[in-house]
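So you know, we letter chains A, B, ... as the sequences are listed, proteins then strands, and number each from 1.
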Number of protein chains: 2
Amino acid sequence: MESRCENCIIRQFNSLRAMSKEELKQVSDSKITRTVKKGEPLFEEGDKLNGVYCVRNGISKLSKLSANGKDQIVKLASKGEVLGQRSVISQESTNLSAIAVDDMEVCFIPKESINNTLQKNPNFTLEVLRHMAHDLKEADDVIVNISQKTVKQRMAEAFLYLKNNFGEDPEGFLALTLSREDISNVVGTATESAIRIISEFKKKGLIHTSGKKIGIKDERKLLEMVEGF
Amino acid sequence: MESRCENCIIRQFNSLRAMSKEELKQVSDSKITRTVKKGEPLFEEGDKLNGVYCVRNGISKLSKLSANGKDQIVKLASKGEVLGQRSVISQESTNLSAIAVDDMEVCFIPKESINNTLQKNPNFTLEVLRHMAHDLKEADDVIVNISQKTVKQRMAEAFLYLKNNFGEDPEGFLALTLSREDISNVVGTATESAIRIISEFKKKGLIHTSGKKIGIKDERKLLEMVEGF
DNA sequence: ACAATTAACTGATAAATATCATATTTTTAA
DNA sequence: TTAAAAATATGATATTTATCAGTTAATTGT
């Protein structure tokens, strides 16, 4: 199970690929592989992080608690994503909680290895910067979506997002199964509203469900709905 | 009017301060100072940027057009901020428009100077990274605010934000005067709703107005409103 | 396997917000 | 300076969304 970063394919998907052999070796020697059970936190809002987490398997939700007690899910991170980077870079406590949605396997990399490389290897820093630029662009899109689209449109968008990013299982259901509450926290609405819209979409033949599993039936119509037709 | 970056105090407020003398010299030689009149764009959504803009004076709104034809203002940038960085770094067209809210004075810095330094000076890259980490954190906060707070709470927050970031004029009005429409685009609501809430806040003695100028009268109560009391 | 807990669902209603219509004020440009 | 255009303002109403109350279904731990 335990293995060397140098041989880890996951690395190809994130900024660690810009590390030199030497640097990777150091990371590999200091990293700790950890499994996290569904529902358990990797870290929580306000924690001081002593390193970053590289996701090898499973999916984590990044969320922030609001004053009224509801969580808002800001991002769903899967294989290859590095979590906690922002906090380590700005040397502040995290503003987000990371909780496993699936059973996860992650590598913890102490911040020293990261900071060292950030200071010495401009390629690595630039690579991290590019990733963060991408995240920021996505965050801007989320802001516009949330404030300008209806809950129904955002729900449709969420289903398409889940299909495009996490795929479908052999029976045609979304591979990532979220609870209704998690869905409502992604979309930013009340859980009852999310459930109601799921029922409505089902009646209209846009999706089908089985237990908490949801499958997309009419992608075209969902897309039109997102666009506002 | 025209001056050398080496002597520019604005630089202290942004990542350019991490540049070496040599690098600054190159920037200074290639930069172009430009004035932008109120309402004119620095750049528009979809443009390919050939460089970044360093704000010397005035204020710019960064916004994104949504499908329903409304703008969402994602950020207000003032003296010292560098605009267009993300686009230059990720080598994509911008996802935001930058439009002058005030008369502005900006320096255009060709992307070559920036990219050169990004590749060679890890301190500079790290500095840019830190700024972007900060922006990303703020964006996350905006997402949570928009999805979890009422329009009234966000209006109250917007006024406090304007006071804290742009200050007040001698008569106690917010130094940055935005149109009602711009305010609604910051908050993410219909213009009529924004106007209605301004009237309500006025009646309740939270703010006072004179034409389009708005002044904060009861900061404490506004704060309580943001917190949800 | 089953009681207990939690999640999913539905209806009724209230609250928040958007939209449309229209009046008034302010700004702009000829 | 003044007519035209744009921005601000307010009322009436429709729509969207949240909240509360209660039911049914699914999960979990023993």
C:dA8 C1' sits how many Å from A:F201 CZ, rounded? 17 Å

Net bend of the helix from C:dA1-D:dT30 to C:dA30-D:dT1, end axes of five pairs each, nearest 10 degrees: 60°

Going by ring pair (Phe, Tyr, Trp, His ring centres under 6.0 Å), name the pairs with one or both residues in residues 189-214 of chain A, residues two or more places apart or in two chains. A:F173-A:H208

In chain order, what residues pass the salt bridge (charged side-chain N to carboxylate O under 4.0 Å, His left out) check against A:K70, with sequence neighbours excluded? none

Enumerate the side chain to side chain donor-acceptor pair (under 3.5 Å) contacts for residues 166-177 of chain A, please, sequence neighbours excluded, ordered by first and then second residue. none

Using the heavy-atom set of chain B and a strict 4.0 Å cut-off, write down the first and last nucleotide of DNA chain D that makes it in, 5' to 3'. D:dT8 to D:dA12

What one-letter contact string describes nucleotides 10-22 of chain C from 5' to 3', where B marks a base within less than 4.0 Å of any protein heavy atom, S marks contact via sugar-phosphate atoms alone, and - marks no contact? BBB----SBBB--

Is there any protein nitrogen or oxygen under 3.5 Å from a nitrogen or oxygen in nucleotides 26-29 of chain C, and what are the pairs?
none

What pairs meet the ring pair (Phe, Tyr, Trp, His ring centres under 6.0 Å) rule with one or both residues in residues 55-86 of chain B, with sequence neighbours excluded? none

Just wondering, do B:L174 and B:K213 contact through their side chains at under 4.5 Å, heavy atoms? no

Pairs satisfying side chain to side chain donor-acceptor pair (under 3.5 Å), at least one member in residues 218-229 of chain A, at least two apart: A:K163-A:E219

With the threshold set at under 4.0 Å for non-hydrogen atoms, list the residues of residues 170-187 of chain A touching DNA chain C in residue-number order. A:S179, A:R180, A:E181

Tell me, please, which residues at least two apart from A:K61 pass salt bridge (charged side-chain N to carboxylate O under 4.0 Å, His left out). A:D182

Pairs involving residues 32-86 of chain A, ordered by first then second residue, that meet ring pair (Phe, Tyr, Trp, His ring centres under 6.0 Å) (sequence neighbours left out): A:F43-A:Y53, A:Y53-A:F108

